[in-house]
Amino acid sequence: MAIKKRSAIRPVSSDGETIALTTTPVESGSSFWKELPQHIMSGISRMVPTLIMGGVILAISQLIAYVWLEIPPDTGIMDALNSGKFTGFNLSVLKFGYLTESFGGLLFSFAIPMFSAFVANSIGGKLAFPAGFIGGLVATQPTLVLNFDPEKLSWLASKPVPSTFIGALIIAIAAGYLVKWLNARIAVPQYLLAFKSTFLIPILSALFVMLAMYYVITPIGGWLNGGMRTLLLAAGQAGSMMYAIGMAAATAIDLGGPINKAAGFVALGFTTDHVLPITSRAVAIVIPPIGLGLATLIDHRLTGKRLFSPQLYPQGKTAMFLAFMGISEGAIPFLLENPIATLPAYMTGAIAGAMTASALGAVQWFPESAIWAWPLVTNLGAYMLSIAVGAVITALLVVLIRNSLHKRGKLAIDAM
């Protein structure tokens, strides 16, 4: 019996006629927009551990310096080391504080390159990983720009404003699809495959990243970031309030998704440069899960009904616990279960809490929302009150909306 190649076998109908094979064309445009969120979430999921590690280690340094050793908030750890006020055991502890500050900051600096690398990797495979990482690194540490000084008759190198998260996202997508296209289009003999994968494609993609970042993405992204900072500073108190509202809304809208992370890197840039504090974002991270957990505790007391499915009640307690760790993703199951009832409540509560914090003068410069960072907040009483206000508003809105949906027959629940 002759063995036929699989590619030569054609399906045959019952009357002996060959059936023509047809394929449904894929719309590339719609496919791109369907796949893009998956690629972005791939980058985010791999970036989050880096952020958590950096945040926790940074928090240790701040607690050592500003809570334990009671260093004034406007004094850096290095300045404290050089002040001569610390000796013996306290000096050793302060040195460890400096180590954790340096290491935690280094981990934070790798967050955007990690994100960009894995987005590119998700699109173009492992050959796109280096290009994505380089692009993310240049998005945070842009290449110096040459400018000619006519007075000194010499060239000077200056550092442009970084394009940060938006620049990293754009270059990751571009580099990923470029590598994917190059890998498909460049055909080489078998003995040159190693040359193609280890030299040719990496060099071409690196050159593309260099030119795209230098001439297009960094100038545009830096202009947007710089313009936003100038506008907010010029607006004064009104600008701070508008920033708080916008940051809270963007943080709460997708609970750890792309919009949330983009808002986080904008806020991180502002607080690192000491332009605006990160208070509104830190408050908006913890309000939705705390408010949701509170809603699962008070729903039957307010309405006499159980407004959530049985499996969501323990999830509410988990969400509250994670909130104190600075993690908002514990509230995602409730959002997925009924976005109509949860999204407006999350955003309203987060905005109300951020506005309360801003109005009462709560200030947080340290970029961490977990409970161990709360001792570093200026006017902690107002900060805690703002979280309570936002959480209560979220809880009440969730209960009211779900109860209204139940009365209109749009939500099935188990009565007590």
Side-chain angles (χ1 to χ4, degrees), residues 50-113 137 139-142 144 156-162 164 222 225-226 229-230 232-233 236-237 240 243-244 247 264-283 285 326 357-358 360-384:
T50 305
L51 286 174
I52 293 176
M53 289 185 293
V56 170
I57 294 174
L58 267 176
I60 293 173
S61 72
Q62 304 301 293
L63 290 173
I64 288 173
Y66 302 107
V67 177
W68 185 356
L69 298 178
E70 298 181 348
I71 296 173
D74 58 347
T75 302
I77 294 179
M78 180 60 75
D79 294 331
L81 284 170
N82 292 324
S83 66
K85 297 180 180 179
F86 298 93
T87 58
F89 178 73
N90 285 346
L91 179 61
S92 299
V93 171
L94 190 57
K95 288 180 179 179
F96 181 74
Y98 179 76
L99 170 63
T100 54
E101 182 185 52
S102 301
F103 189 75
L106 182 64
L107 286 178
F108 253 115
S109 70
F110 277 106
I112 288 183
L137 190 62
T140 56
Q141 303 175 34
L144 297 179
L156 302 176
S158 60
K159 185 177 181 180
V161 177
T164 60
N225 286 337
R229 296 182 187 189
T230 302
L232 288 171
L233 289 175
Q237 182 61 33
S240 298
Y243 171 76
M247 185 57 60
F265 282 112
V266 171
L268 182 62
F270 284 166
T271 192
T272 300
D273 294 342
H274 224 72
V275 176
L276 287 168
I278 204 166
T279 317
S280 56
R281 172 166 172 80
V283 166
I285 286 174
S358 179
L360 296 181
V363 177
Q364 178 179 348
W365 290 103
F366 181 70
E368 179 60 61
S369 57
I371 190 171
W372 49 73
W374 293 359
L376 304 173
V377 174
T378 301
N379 199 350
L380 182 59
Y383 186 86
M384 299 300 297

Using atom types as modelled and distance alone, determine if a side-chain donor or acceptor of Thr50 lies under 3.5 Å from a backbone N or O of Leu107. no

Name all residues meeting the side-chain contact (heavy atoms from CB on, under 4.5 Å) criterion together with Ala244; count only those two or more places apart in sequence or in a different chain, and write none if there are none. Ser280, Ala354, Ser358

List the steps, then state whether side chain to side chain contact (heavy atoms under 4.5 Å, CB included) holds for Val266 with Arg281. CA-CA 10 Å; Val266 171; Arg281 172 166 172 80; over 6 Å; no

Might you point out which heavy atoms bring Ile285 and Gly326 nearest each other, and give the distance in Å? CG2-O, 3.6 Å

Atom pairs and distances, side-chain donor-acceptor, residues 53-66, under 3.5 Å, sequence neighbours left out:
unit_1	atom_1	unit_2	atom_2	d
Ser61	OG	Leu58	O	2.5
Tyr66	OH	Thr75	O	2.7

Please name the pair of heavy atoms, one in Val363 and one in Pro277, separated by the smallest distance, quoted to 0.1 Å. CG1-CB, 3.9 Å

Not counting sequence neighbours, which residues clear side chain to side chain donor-acceptor pair (under 3.5 Å) with Ser158? List them please. Asn147

Could I get the full list of side chain to side chain donor-acceptor pair (under 3.5 Å) partners for Thr164, not counting sequence neighbours? Asn225

side-chain contact (heavy atoms from CB on, under 4.5 Å) filter on Leu99, not counting sequence neighbours, yields Phe96

Looking at residues at least two apart in the chain, or sitting in another chain, which of them share a side-chain contact (heavy atoms from CB on, under 4.5 Å) with Lys159? Pro142, Leu144

Using 30° and 60° as the class boundaries, would you call the ring planes of Tyr243 and Phe270 parallel, tilted or perpendicular? tilted

Euclidean distance, Gln364 CD relative to Asn379 CG, rounded to 0.5 Å: 12.5 Å

Could you grab the distance from atom OG1 of Thr271 to atom CZ of Phe366, nearest 0.5 Å is fine? 10.0 Å

Heavy-atom donor-acceptor pair, Asn90 side chain to Leu69 backbone, under 3.5 Å: no

Begin from the C-alpha positions of Leu376 and Val67 and carry the test side chain to side chain contact (heavy atoms under 4.5 Å, CB included) through to its verdict. CA-CA 7 Å; Leu376 304 173; Val67 177; 3.9 Å; yes

side-chain contact (heavy atoms from CB on, under 4.5 Å) partners for Ser83, two or more places apart: Lys85, Phe86

Sub-4.5 Å side-chain heavy-atom contact between Leu94 and Ile77: yes

